[in-house]
Asker: 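One structure, as structure tokens, below. Some questions next.
Side chains are part of it too, since the values below use all heavy atoms of this structure and drop only hydrogens, waters and symmetry mates.
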Amino acid sequence: MPSRRHIISLPFKGGWATSVGPQAGEVTHLMRAENIYYELDGGMHKIPGAALLNSTQLTEGSVTVMALFDYWKSGTSWTPTQKRMCYAGTNILKEDLDGVWDSLKTGLEANKVASFTSFNDIAIWSSTSTVDVPQSWDQAAATTSNLAGSPPNFAFAVPHRNRVWAAGVAANPSRLYYSVADSGEDWTGAGSGSIDIDLNDGDDITGLASHKQRLWIFKGPNKGSIHYITGSSPTGTDAFARIPFVKGIPCVAHQTIVEYLNDLAFVSARGIHSMSATEQFGDLKEGFLSFPIQSYFTDEVAVGSLNLCQGVNHRSRGALLWTVRQSGQTQNNRVLAMDYRFTPGRFSLLTSYNAASLMVGLNSSKPTLYSGGYSGYVLQHDQSNRNINNAAYTATVQLPFLHYDHPDLMKQTAQLRIGIAPVGTSSITIQWQNDDEPAASTTVTQSSGAVLGGTTGFVLDTDVLGGASYIQRYVQPPGSYRVQQLTFSQGGLNEDMELHEVAVQLEPAGLSEV
């Protein structure tokens, strides 16, 4: 006898996308994707945990860690040395991979937007302060020094074509400066100089990036424009030349610019952009990287605080991360994550920690995410234990309301199947909402089976030995509906979740197999 049931597999075809709409026939997007990273098959995995890098609070107490830097010095002995640096409160500090921050410079203005770079084995710090001048450190001295060579009081700098290029000078906000070749400590000698970028156009230089043999200059935060510099010297056959690239997209800050794949991403007050999409689409929002979550960006992000946003490329995870704050908040309390291994990129929202600053640095040769907080601590992420400084957090995946290509048909779920990677003995909560009825939920275990030994033992003909790398769990959600929304969550302390598959077996409402 033909079955009235049919099975619909629901592959995850997209990531978090608030702008697409709340209803679909298949899983084209997710309504919520919180505290998850994506797997290459489209599955979703609860983000790793984080532990304190410094167990002792920075000496000034509850200070904000505004900038972090992974500083490597190559030296001459084939053995590079690593130090971590940060700017917190009124200090520049260094950490010798021992979890202890030592002060290198005191008396700075606190809570300025700051950045680090390095050139010729010297770390260079600068900020938006009009009082504090750029600092340098070589890993050997007990303190930083004022950057030598009479540099301008710049806010940010990047190495490019064997020079240091800098901007963000309050007295000359549209002026781009460059050092003498092969030196970041000579700004007045032969070969140094400056280039004015559209003086008095109502914008300042807000960011720089060295990419594909060009120096890119971003202006904002009002009308916006992007330019680039070609050439390798002030004069001669390969002299510097400034080329306008595009107008109408104002980059908010230097630290939002992130290089990835063969492209640059940056943040404006209207969204997240890529250089290649900007070249193709200009300021059309359909060309924004953040187009899938544009409604969230517009309605929830505190645009006036985006100058405090910071971005990084977590290459080992294939994800770009930007720390932002919600409207009405006083701290960066959200991280927007975009997995660029998919086309288009798949977004998720990290809500489990507040990050004033982000950095990806090496930890025992492994690329690791670090975040600077607001209370004098730095977190070291990518921990296998699922806790943030010993606190639990919840991963949530919510599908749109699904009508399974039959929006007018009343139906019921004979069976719901999920495919998971077993990650312990904890459970996943499955919630369903049928039409406008109250949501209901149940839990399913993530264990791949029983283990030998323990207090309960192993029951023959009943239990199965653990160790499977992929298992399926089945649920029978009651009720009939035209549309149904499914939500999967896991919020236990030191408990994981890795969801790879969802499928439903449908039948007309009021009928069942005999």
Asker: Is the ring pair Y178/W165 parallel, tilted or perpendicular, if the boundaries are 30 and 60 degrees?
Answerer: tilted
Asker: Less than 4.5 Å apart, any side-chain heavy atom of I92 and any of M85?
Answerer: yes
Asker: Would a line drawn from the ring center of Y481 to the ring center of W432 be shorter than 6.0 Å?
Answerer: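 No, they do not, as the ring centres are separated by 6.0 Å or more.
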Asker: Looking only at heavy atoms, what is the nearest atom pair of K112 and T128, with distance?
Answerer: CB-OG1, 3.6 Å
Asker: Between T396 (side chain only) and S489 (backbone N and O only), is there a donor and an acceptor less than 3.5 Å apart?
Answerer: no
Asker: Could you tell me whether E26 and K13 have a side-chain N and a carboxylate O separated by less than 4.0 Å?
Answerer: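 Judged by the 4.0 Å cut-off on N to carboxylate O distance, E26 and K13 do form a salt bridge.
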Asker: Minimum heavy-atom separation for F342 and E39, please, with both atom names.
Answerer: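 Closest pair (atom of F342, atom of E39, distance): CZ-O, 3.3 Å.
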Asker: Please check if the side chain of N389 supplies one atom and the backbone of A50 the other of a donor-acceptor pair under 3.5 Å.
Answerer: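 No, because the side chain of N389 does not come within donor-acceptor range (under 3.5 Å) of the backbone of A50.
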Asker: Using side-chain heavy atoms (C-beta onward) and a distance below 4.5 Å, is L52 in contact with V378?
Answerer: no
Asker: Classify the side-chain pair Y296/Q294 by whether it contains a donor and acceptor separated by less than 3.5 Å.
Answerer: no
Asker: Please examine the side chains of H403 and Q23, heavy atoms only from C-beta on, and report whether any two atoms are closer than 4.5 Å.
Answerer: yes
Asker: Step by step, work out the side-chain contact (heavy atoms from CB on, under 4.5 Å) result for C86 and R84.
Answerer: CA-CA 7 Å; C86 79; R84 300 187 186 105; over 6 Å; no
Asker: Do any N or O atoms from the side chain of S348 and from the backbone of I36 form a donor-acceptor pair under 3.5 angstrom?
Answerer: yes
Asker: For V360, does its backbone N or O pair with a side-chain atom of D70 as donor and acceptor, under 3.5 Å?
Answerer: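 Such a contact is absent between D70 side chain and V360 backbone.
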Asker: Going by atom types alone, do T18 and S295 pair a side-chain donor with an acceptor below 3.5 Å?
Answerer: yes
Asker: Ignoring hydrogens and geometry beyond distance, is a side-chain donor-acceptor pair present between D382 and T368 at under 3.5 Å?
Answerer: no
Asker: Do we see a donor-acceptor contact under 3.5 Å between the side chains of Q433 and Q484?
Answerer: no
Asker: Please report the interatomic distance CD(Q255) to CZ(F156), rounded to the nearest 0.5 Å.
Answerer: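 That separation rounds to 9.0 Å.
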Asker: Minimum heavy-atom separation for G224 and D203, please, with both atom names.
Answerer: N-OD2, 2.6 Å
Asker: Is a side-chain donor-acceptor pair under 3.5 Å present for N494 with N387?
Answerer: yes
Asker: How about S427 and V444: do any of their side-chain heavy atoms sit closer than 4.5 Å?
Answerer: no
Asker: Ignoring hydrogens and geometry beyond distance, is a side-chain donor-acceptor pair present between T487 and Q398 at under 3.5 Å?
Answerer: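 Result is yes, a qualifying pair exists.
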Asker: Assess the residue pair L486 and V502 against the criterion (side-chain contact (heavy atoms from CB on, under 4.5 Å)); give the C-alpha distance rounded to whole Å, side-chain angles, the decisive distance to 0.1 Å, and a yes or no.
Answerer: CA-CA 10 Å; L486 299 171; V502 175; 4.2 Å; yes
Asker: Got a donor-acceptor contact below 3.5 angstrom from the Y87 side chain to the N111 backbone?
Answerer: yes
Asker: Between F266 and H273, how do the two ring planes meet: parallel, tilted or perpendicular, split at 30° and 60°?
Answerer: parallel
Asker: Any chance you could measure S225, atom OG, to I197, atom CD1, to the nearest 0.5 Å?
Answerer: 8.5 Å
Asker: Run the side-chain contact (heavy atoms from CB on, under 4.5 Å) check on V27 and L402 step by step: do they pass?
Answerer: CA-CA 8 Å; V27 188; L402 296 172; 4.1 Å; yes
Asker: N333 side chain to R325 main-chain N or O, any donor-acceptor pair under 3.5 Å?
Answerer: no
Asker: Which heavy atom of V475 sits nearest to which heavy atom of T442, and what is that distance?
Answerer: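 Reported closest heavy-atom pair: CG1-CG2, 3.7 Å.
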Asker: Would a 4.5 Å heavy-atom cut-off, applied to side chains only, mark W216 and I229 as touching?
Answerer: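 No; the side chains remain at least 4.5 Å from each other.
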Asker: Would you call R175 and D204 a salt bridge, taking side-chain N to carboxylate O under 4.0 Å as the test?
Answerer: no
Asker: Can you name the closest pair of heavy atoms from H29 and G21 and give their distance?
Answerer: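 Residues H29 and G21, closest heavy atoms: NE2-O, 2.6 Å.
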Asker: Atom NE2 in H45, atom CZ in R317: separation rounded to 0.5 Å?
Answerer: 8.5 Å
Asker: State whether the side chain of T64 and the backbone N or O of M66 hold a donor-acceptor pair below 3.5 Å, judged by distance alone.
Answerer: no
Asker: Per the side chain to side chain donor-acceptor pair (under 3.5 Å) rule, what does the pair list look like for residues 335-347, sequence neighbours excluded?
Answerer: N313-Y340, D339-R341
Asker: Looking at side-chain heavy atoms only, is the closest gap between L321 and L336 below 4.5 Å?
Answerer: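 L321 does not reach L336 side chain to side chain.
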Asker: Kindly indicate whether a cation-pi arrangement holds for K46 with Y37, taking the cut-offs as under 6.0 Å to the six-membered ring centre and within 45° of the axis.
Answerer: no
Asker: Any chance you could lay out the salt bridge (charged side-chain N to carboxylate O under 4.0 Å, His left out) test for R482 and D435, step after step, and finish with the verdict?
Answerer: CA-CA 6 Å; R482 286 186 171 87; D435 296 328; 5.4 Å; no
Asker: Please determine, by modelled atom types, if K219 and S174 share a side-chain donor-acceptor pair under 3.5 angstrom.
Answerer: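 Indeed, the side chains of K219 and S174 share at least one donor-acceptor pair under 3.5 Å.
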Asker: Any salt bridge between K223 and D201, counting N to O under 4.0 Å?
Answerer: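 No, K223 and D201 are not salt-bridged.
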Asker: First locate atom CZ of R334, then atom CG of N332, and finally report the distance between them rounded to the nearest 0.5 Å.
Answerer: 11.0 Å
Asker: Any side-chain donor-acceptor pair under 3.5 Å between H211 and D263?
Answerer: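 On atom types as modelled, these side chains do not qualify, holding no pair under 3.5 Å.
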Asker: Where is the tightest heavy-atom contact between A392 and G492, given as atom of each residue plus distance?
Answerer: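 Looking at all heavy atoms of both residues, the closest pair is CB-C, 4.2 Å.
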Asker: Please round to the nearest 0.5 Å and tell me the distance separating atom OG of S9 and atom CD of E501.
Answerer: 5.5 Å
Asker: Any idea how F69 and F116 line up, ring-wise: parallel (<30°), tilted (30 to 60°), or perpendicular (>60°)?
Answerer: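 Because their plane-to-plane angle is under 30°, the rings of F69 and F116 count as parallel.
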Asker: Ignoring hydrogens and geometry beyond distance, is a side-chain donor-acceptor pair present between Y374 and Q331 at under 3.5 Å?
Answerer: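 No, no side-chain donor-acceptor pair sits under 3.5 Å.
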Asker: Does a donor on one side chain and an acceptor on the other come within less than 3.5 Å for T351 and N35?
Answerer: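 There is such a pair between these side chains.
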Asker: Donor-acceptor check, side chain of S127 to backbone of S129, threshold 3.5 angstrom: yes or no?
Answerer: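 The answer is yes, because a donor-acceptor pair under 3.5 Å joins these two groups.
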Asker: Determine whether I195 and F240 make a side-chain contact, defined as any pair of heavy atoms from C-beta on separated by less than 4.5 Å.
Answerer: yes
Asker: Do any N or O atoms from the side chain of S290 and from the backbone of I272 form a donor-acceptor pair under 3.5 angstrom?
Answerer: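 Yes; judged by distance alone, with no hydrogens or angles, the pair exists.
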Asker: Hey, what do you get for CG (L53) to NE2 (H381), rounding to the nearest 0.5 Å?
Answerer: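 With rounding to 0.5 Å, CG (L53) is 10.5 Å from NE2 (H381).
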Asker: List the steps, then state whether side-chain contact (heavy atoms from CB on, under 4.5 Å) holds for I122 with W137.
Answerer: CA-CA 6 Å; I122 295 175; W137 187 55; over 6 Å; no
Asker: Side chain of T323, backbone of A355: donor and acceptor closer than 3.5 Å?
Answerer: yes
Asker: Any side-chain heavy atom of Y470 within less than 4.5 Å of one from I420?
Answerer: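 Counting from C-beta outward, Y470 and I420 never come under 4.5 Å.
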